[in-house]
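What follows is one structure encoded as structure tokens, with my remarks underneath.
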Protein chains: 2
Amino acid sequence: MSVLGRALSVLDAFADGTPSLRLTVIAQRADLPLPTALRLVRELVAWGALERQSDGSYRLGSRLWTLGGQAPCRRRLVDLGRPALDGLNRVTGLPVLLAALDGNSLVVVDGVGTALRPGTSLPPHATAAGKALLAHLPDSRRRQVLTDLARLTPYTLTAPGALNRQLAAIRAGAPASAWEEWHLGENEVAVPVDPLAGQGPAAALAVTARSAAQARRAVPLIVRAALTISGGLRPVGQPPHCQGVPGVDSRR
Amino acid sequence: MSVLGRALSVLDAFADGTPSLRLTVIAQRADLPLPTALRLVRELVAWGALERQSDGSYRLGSRLWTLGGQAPCRRRLVDLGRPALDGLNRVTGLPVLLAALDGNSLVVVDGVGTALRPGTSLPPHATAAGKALLAHLPDSRRRQVLTDLARLTPYTLTAPGALNRQLAAIRAGAPASAWEEWHLGENEVAVPVDPLAGQGPAAALAVTARSAAQARRAVPLIVRAALTISGGLRPVGQPPHCQGVPGVDSRR
DNA sequence: CACTGACTTTCATTACGTGAAAGCCGACGT
DNA sequence: ACGTCGGCTTTCACGTAATGAAAGTCAGTG
């Protein structure tokens, strides 16, 4: 493995969200001898990808935050999505959410009025946004994502058949929904953003309500908001949108 | 320079916000021979720090976004700040903003009701949030930041003397303000968050209004919101807060 | 005071990255 | 159609720069 590879696996040690790690743990997680880990960590600290805390442990640095925030793929979604989210939240009075697929999990891109923070991972099969995205995915990719149908509440759909039937309905035009399938007391509806793009929708826009009826009532508004975002996403031309498919280099 | 250093300077090529770059440009900006740049870029793409677009150019990848969002330093500010921002925006009806120092510029951490996106850079000397932070900084660091007092509107304070007098007043307890010093028609007031921390406040909370009077009226509310955030920032113990001082390794 | 565990330094060894040079490919001009 | 140019990719002989075992430091603990 290359030096850079090792360095990236050092960063990976933080990927699970652990706020801070000691050198020894980093070395273990990255599977590197201690001196090597130390050298890499030092260099990452010097650049600002990591920060050293007063107790000697390390955490991800603010320079990484700043740089990561520039990633166009997500940045455009936030830029275009925020006004739409704000408006939707104001009109409905409900928490709204914009989420995208990242690898095999659903990641929150932005939200208004919700406790979920950007970057949080959600189970795709048990959330309305997840279903909205899955429904429009090519079959092969969908199967790839739907490996773990964990039961999160008594209402979670864990049977592939039932889930696929719902996804087919969504593909046919029904709004995606999840009635207490993720958390009890949470009813969500969602609509894909830019659904006709190359490899599937860029994101999904979801609203959470106390009752299914309340959620359903919001659907037309969500659809409008999603269209606004989709419109902005492809101003004139083609650039469909980025996909979170990891490790695939389309061009030679 | 080390391999990792070169790789990081490849990432740096994107730091100015350019959404996408061709290989040749990356090599130029990072000051690397083409084959070297290519190898590094390939490896970064494989990991997900960069993405290759259909036209062959590269951009920052979504994995970097996800990882960067985990940086505790900023993440905690967002986690604690968002509810406070939401509330403050609802009560005042005005755009609110949470910003922190990063190197020599002010960076937007989060905002509600504003067009400014997280990650945007602002001039510290011409914004209320910038002044609130500068005022509580150690002298040496403040001078370091205040190198460029660009005139942005006719009202921008460009004389070090006048600015320092304002900063002294702020340090003495006055709320920080900027009356059309950054943009015409924008009047801001700001209050530091966690001002007693080691190296200066963690962030500043600002509100923008059409008139100075309107902004001033919001001050008590901002102070309360800032206290809420400060409170959450140090639940029990000491951990003051991270500083964006680049390249300083406090411990040996 | 010896011991442990976490971190740091040193240094002989060589693997790995280097970059000049040459090859490839598509775009453009005539 | 053909030559040309710019941008990208591959190759390969070379030597720098990364490696990791071993030894050293230091704070905390029994």
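We use all heavy atoms of the structure for the numbers below, so side chains are in, but hydrogens, waters and symmetry mates are not. Letters A, B, ... mirror the listed sequences (proteins, then strands); counts begin at 1.
Scanning for side-chain hydrogen bond (donor to acceptor under 3.5 Å, both in side chains) contacts around B/R75 gives B/D79, with sequence neighbours left out.
Proximity of B/Q53 to B/S20: side-chain heavy atoms (C-beta onward) are separated by under 4.5 Å at one or more points.
Straight-line distance from the OH atom of B/Y58 to the P atom of D/dG7: 14 Å, rounded to whole Å. The CG atom of A/D55 sits 12 Å away from the C1' atom of C/dA6 (whole-angstrom rounding). Between the P atom of C/dA6 and the CZ atom of A/R52 lies a distance of 14 Å, rounded to the nearest Å. Per the geometry, CG belonging to A/L34 stands 14 Å off P belonging to C/dG5, to the nearest Å.
With hydrogens and angles left out, the side-chain atoms of B/W65 and A/D102 include no donor and acceptor closer than 3.5 Å.
Heavy atoms only, all atoms of each residue included: B/G81 and B/L98 are closest at CA-CD2, 4.3 Å.
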Pairwise N/O distances under 3.5 Å, protein to nucleotides 15-19 of chain C:
| residue | atom | partner | partner atom | Å |
| --- | --- | --- | --- | --- |
| C/dG17 | OP1 | A/V3 | N | 3.0 |
| C/dT18 | OP1 | B/R6 | NE | 3.1 |
| C/dT18 | OP2 | B/R39 | NH2 | 3.0 |
| C/dG19 | OP2 | B/R6 | NH1 | 3.4 |
| C/dG19 | OP2 | B/T36 | OG1 | 3.0 |

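For the OP1/OP2 pair of D/dA18 and a distance below 4.0 Å, the side-chain nitrogens and oxygens of A/R42 include no atom meeting the criterion.
A salt bridge does not link A/R117 to A/D110: none of the charged nitrogens lies less than 4.0 Å from a carboxylate oxygen.
Under the 3.5 Å distance criterion, the side-chain polar atoms of A/H125 are matched with a main-chain donor or acceptor of A/A150.
Using a 4.0 Å heavy-atom cutoff across all strands shown, A/L38 reaches at least one base atom of the nucleic acid.
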